[in-house]
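Structure first, then comments.
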Number of protein chains: 2
Amino acid sequence: MRQHPQPPISTIVLTDVLAALSDPVRLDIVAALKQDGERGSTEFGCKVSSSTLSHHIRQLCEAGLLQHRKEGTRCFVSLRPELEQKFPGLIDSVLRFAPKEIAA
Amino acid sequence: MRQHPQPPISTIVLTDVLAALSDPVRLDIVAALKQDGERGSTEFGCKVSSSTLSHHIRQLCEAGLLQHRKEGTRCFVSLRPELEQKFPGLIDSVLRFAPKEIAA
DNA sequence: TTCGATGTTCGACGAAGATCGAATGTAGGG
DNA sequence: CCCTACATTCGATCTTCGTCGAACATCGAA
């Protein structure tokens, strides 16, 4: 149960980022984090099981989009700020068209 | 051998567009078309077989990114202009970071 | 009509992905 | 130390994807 791996910024690849964003569940997660900055890793209004949610969060981490933090027994995730330097404006451009079905 | 289907603009979905762009071959195709406007459907410097190329072009058409034109025995593809109205700026934002390995 | 060039479709294949429930690990509280 | 809450991992299942070569369809030309 250690934290998810985070690739160095230099190895982040555009197609992997797009692939990570191409799933509705993951797009919702990213949209929520863009709005809130950080959330507990279970506090997304997803209809998927917790194991599936964990899977999606892992994918986002491995693609370089998210960072993962543990605090006691809870986990928190947020967008990686370096991503904005690597692909400035990209996330905003995509999120602009994402339907905001983000659960509170 | 009829032309590939083109969905009406209203049914084009963001996640499908992102998925279409998340493959390196398809991203190259879109980048080349953005630059040239139109190309013969085989005139991409792809290393994949013609059947695979045809498959990718079909995917791009079905996702709503490309339009397909026949002229005699040749085929030409180009970006769908309506896409810019549906998702203004999106393609440019993505292509800005696409490595330009586009064969002439 | 036969041929050649151009594209598309058809299996087939392995790889990757989405999903779930069950099992496991980890921390904090009694 | 045991229990519970939380999160991840594992195993299983199904689906989708990228790829190829082969087969097929279509058009224009000889």
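What's counted below: heavy atoms across the whole structure, side chains too, no hydrogens, waters or symmetry copies.
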Task: Summary of salt bridge (charged side-chain N to carboxylate O under 4.0 Å, His left out) pairs that have at least one residue in residues 78-92 of chain B, sequence neighbours excluded - done: B:Lys34-B:Asp92, B:Arg80-B:Glu82

Task: Under-4.0 Å side-chain N/O to phosphate OP1/OP2 contact, B:His4 with C:dT9 - done: yes

Open item on the list: Counting C-beta onward and ignoring hydrogens, is there a side-chain heavy-atom pair between A:Val13 and A:Val17 closer than 4.5 Å?
Closed with: no

Open item on the list: Both A:Thr52 and A:Gly72 contact DNA chain C. Taking the nearest nucleotide for each, which residue is further toward the 5' end?
Closed with: A:Thr52

Task: Selection: residues 10-25 of chain A, any non-hydrogen atom under 4.0 Å of DNA chain D - done: none

Open item on the list: For DNA chain C, which residues of residues 54-65 of chain A approach it to below 4.0 angstrom with any heavy atom?
Closed with: A:His55, A:His56, A:Gln59

TODO: Could you label the plane-to-plane angle of the B:His68 and B:His4 rings as parallel, tilted or perpendicular, counting under 30° as parallel and over 60° as perpendicular?
DONE: parallel

Open item on the list: If you only use heavy atoms from C-beta on, which nucleotide in D:dT8, C:dT19, D:dA5 is closest to the side chain of A:Thr73?
Closed with: D:dA5

Task: From D:dT9, D:dA7, C:dT8, nucleotide with atom closest to A:Ser41 side chain - done: D:dA7

Task: Candidate nucleotides D:dG21, C:dT8, D:dT8, ranked by approach to the side chain of B:Ser50 - the nearest - done: C:dT8

Task: Residue A:Val48, side-chain heavy atoms: nucleotide from D:dC6, C:dC20, D:dT19 that is nearest - done: C:dC20

Open item on the list: Nearest whole Å is fine: how far is C:dC20 P from A:Lys47 NZ?
Closed with: 10 Å

Open item on the list: Ignoring hydrogens and geometry beyond distance, is the side chain of B:Ser51 in donor-acceptor contact with the base of D:dG21 at under 3.5 Å?
Closed with: yes

